[in-house]
Amino acid sequence: MNNKQLAELFKAVSAALEVKGEDKFKIKAYDEVASAIEHSSSEVKDLWDDGQLQEIPGVGASIAGHLDELFRKGKVAHFESIFRGLPPAMFELLNVPGIGPKTAFKLCQELRIKDPKTALLKLEKAAKQGKIRLEDRMLLPFAWELAEKIITYLQKKHPKDRIDPLGSLRRKTATVGDIDLAVATKNAKEVIEDFLHCPGIKEVVVSGKNTARVIHQNGRQIDLKTMEPGAYGALLQHFTGSKQHNIHLREIAQKKGLSLSEYGIKKGKKISKYATEEAFYRALGMEWIPPELREDSGEIEAAQNTKLPQLVELGAIKGDLHLHSNFPIETSHDEGSSSIETLMEKGKKLGYEYLGFSEHNPSFSKHSQKQIIDILKRKKETIDKINYSRGKKLLIHAFNGLEIDIKPDGRLAIPEEGFKFLDFAIASVHSSFKMNRQAMTKRVLKALQHPKIKIFGHPTGRKLGEREGYELDWEQVFSFCQKRNIWLEINAWPNRLDLTDVLVHEAVKNGVKMIICTDSHQVDHMDLMEYGVAVARRGWATKNDIMNTMSYNQFIKALKGGE
DNA sequence: GCCGTTTTCGGCCCGACTGTTTTCAGTCG
């Protein structure tokens with residue numbers, strides 16, 4: 001059972017307790033463990049192996065005992081008795097906004113929903129036409145782009161007001177629900193009026209003195225909240241979340257006799273206002289915490305001890321090593337559509353010192369070995385020519401890379417002789433995703449042994465909204481990569497964002513180096529780098545953890561160092 | 001069920017919205 005499944009289980013236990021009218025603090029306890037597991041950077045099963053279950057925040061003797069029973073016997077007698085008498089289908093309904101445990105239980109009874117698999121369908125039918133909106137979240141880059149358009153529009157009209165995104169958007173999680181924005185202004189009325197008339201707004205849902213909600217023509221809901229500048233810090237902090245982060249902060253405040261809300265910090269009846277988040281956090285005795293870290297995964301303790309990491313920034317990135325040009329490489333996967341020259345020009349504009357052209361390997365089944373080698377040789381000649389023609393005053397260097405399939409047996413999909421044309425290669429899994437954890441780990445580690453492989457591409461293989469990643473023994477992968485100096489890719493492609501933030505954090509703790517790449521198939525995709533950087537930041541990565549923050553001179557040494 | 005330099009017992013985050021059970025329970029962020 002992996003962390004995701006465990007988190008689901010604990011959420012279900014919490015919901016079941018709620019339906020049964022158990023003590024609300026017991027419910028909260030299970031809920032908090034669910035959340036802690038969801039954000040845990042270690043596999044709970046591994047912690048169990050090492051006898052460290054109580055390292056998980058909120059896990060005490062009792063829950064540790066249940067987990068132990070779960071891993072030993074595959075089920076927990078206590079949980080089974082909690083679930084007794086409840087329809088399994090109700091837990092499927094909990095993902096629908098507005099439906100909590102009690103409503104889910106009632107619906108299952110009233111509508112006679114029994115089968116978990118068809119529960120949502122049945123509910124939808126019952127709810128006549130589309131009154132119930134199933135949770136579908138937006139990929140971060142698209143949400144960000146939409147928010148930016150509105151912010152830009154409003155900023156132009158109100159140049160002196162500060163405007164920020166809120167919630168998961170500001171924390172830059174991989175997917176975002178609704179878009180929330182905040183404005184610090186003395187002219188709330190005018191700001192809201194302009195908000196209602198932003199281009200692309202289809203419908204006004206509500207509009208009040210300080211807040212408004214609209215529907216964008218793409219169907220997304222956008223909320224705006226305004227606050228006087230003198231009290232803006234608390235609003236910004238409150239609605240940025242995360243929920244767990246805020247709960248933890250309020251517990252700390254409570255112990256100091258303080259009470260936190262979106263309006264400020266209350267002591268007795270007196271409320272203090274804060275213009276900035278910095279002042280707000282300072283009043284609680286800690287450093288300002290970058291939004292990307294606000295998940296209650298240790299950032300609050302770090303901020304109290306002035307031990308927050310210096311997170312990597314977009315401006316520190318010096319190159320992009322995973323680019324698919326339109327070089328005719330005759331691959332069976334997607335080819336890029338922009339020329340090497342076009343990508344080089346763009347790289348220069350972005351201030352990079354080097355790029356890596358890492359097209360997919362030539363199709364293995366449609367070519368003879370000799371044909372593959374010929375193609376690879378031609379590509380090397382092309383790259384050499386480009387580097388040479390730029391003379392000695394190289395503004396930007398082109399590395400000759402390749403993204404090579406890891407076949408199911410762990411072999412790499414080009415003949416050994418082809419490697420000599422490459423400066424480096426990325427190894428990626430593009431097939432047979434459903435192997436078990438042990439077999440998949442063996443497969444991947446075999447591929448990563450080749451001296452030309454420097455990067456493990458999109459390591460979890462997940463595609464948001466499409467499929468979960470394959471299973472890997474991360475402890476083994478981290479240990480291997482750390483020893484052999486293999487870099488894990490943080491792939492910035494919108495529906496990948498892979499490594500995940502949680503695994504980045506784990507990699508950082510294990511001293512494993514990473515590299516942020518866009519996987520561009522077209523020149524404009526190179527702008528997606530910022531989203532990869534966001535994932536790195538959410539995983540506590542500093543400049544030193546990320547290889548492509550190195551200057552060209554350092555980087556070329558690092559490339560050769562591993563051979 | 002968890003947790004602790006104010007507590008090993010007695011606490012456990014805050015405010016707002018929604019709908020309809022007009023005084024509150026359920027849900028959310």
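In what follows, every chain begins at residue 1, and chains take the letters A, B, ... in the order their sequences are listed.
For residues 275-286 of chain A, every residue pair satisfying the side-chain hydrogen bond (donor to acceptor under 3.5 Å, both in side chains) rule, not counting sequence neighbours, is listed here: A:Arg170-A:Glu277, A:Gln237-A:Tyr281, A:His245-A:Tyr281, A:Glu277-A:Trp288, A:Glu277-A:Arg294, A:Tyr281-A:Arg294.
Looking at heavy-atom distances under 4.0 Å, A:Gly241 makes no contact with the nucleic acid at all. Across all strands shown, A:Phe239 has no heavy atoms under 4.0 Å from either base or sugar-phosphate atoms. A:Asp23 comes within contact range of at least one nucleobase, with a heavy-atom separation under 4.0 Å. Residue contacts shown for A:Val59 are limited to sugar-phosphate atoms, with no base heavy atom under 4.0 Å away. Using a 4.0 Å heavy-atom distance criterion, A:His78 is classed as a sugar-phosphate-only contact.
Aromatic rings of A:Phe91 and A:Phe83 (six-membered ring for Trp) have centroids within the 6.0 Å cut-off, being under it.
Shown for residues 250-263 of chain A: residues whose heavy atoms fall under 4.0 angstrom of DNA chain B, namely A:Arg250, A:Glu251, A:Gln254, A:Lys255, A:Ser259, A:Leu260, A:Ser261, A:Tyr263.
In terms of modelled atom types and a separation under 3.5 Å, the side chain of A:Asn491 and the main chain of A:Trp493 share a donor-acceptor contact.
Side chain of A:Ile247, nearest nucleotide from B:dT27, B:dC13, B:dG1: B:dC13. Nearest nucleotide to the A:Ile63 side chain, out of B:dG1, B:dT27, B:dC13: B:dG1. Ranking B:dT27, B:dC13, B:dG1 by closeness to the A:Lys243 side chain, first place goes to B:dC13.
Remark: B:dG29 base-pairs with B:dC14; criterion is Watson-Crick or G-U wobble with both hydrogen-bond distances under 3.5 Å.
Here A:Lys307 does not pair with A:Glu287 in a salt bridge; the nearest charged N to carboxylate O distance is not below 4.0 Å. Salt bridge absent: A:Glu262 and A:Lys225 never bring a charged side-chain N and a carboxylate O closer than 4.0 Å. Between A:Glu32 and A:Lys28, at least one side-chain nitrogen of the basic residue sits less than 4.0 Å from a carboxylate oxygen of the acidic one, meeting the salt-bridge criterion. Using a 4.0 Å cut-off between charged side-chain N and carboxylate O, A:Arg213 and A:Asp223 make a salt bridge.
Between A:Lys266 and the phosphate of B:dG15, there is a side-chain N or O to OP1/OP2 separation shorter than 4.0 Å. Between B:dC12 and A:Lys26, no contact under 4.0 Å exists linking OP1 or OP2 to a side-chain N or O. Between A:Lys28 and B:dC12 there is no side-chain polar atom (N or O) within less than 4.0 angstrom of OP1 or OP2.
Taking 90° from 0 as the syn/anti boundary, the base of B:dT22 is oriented anti.
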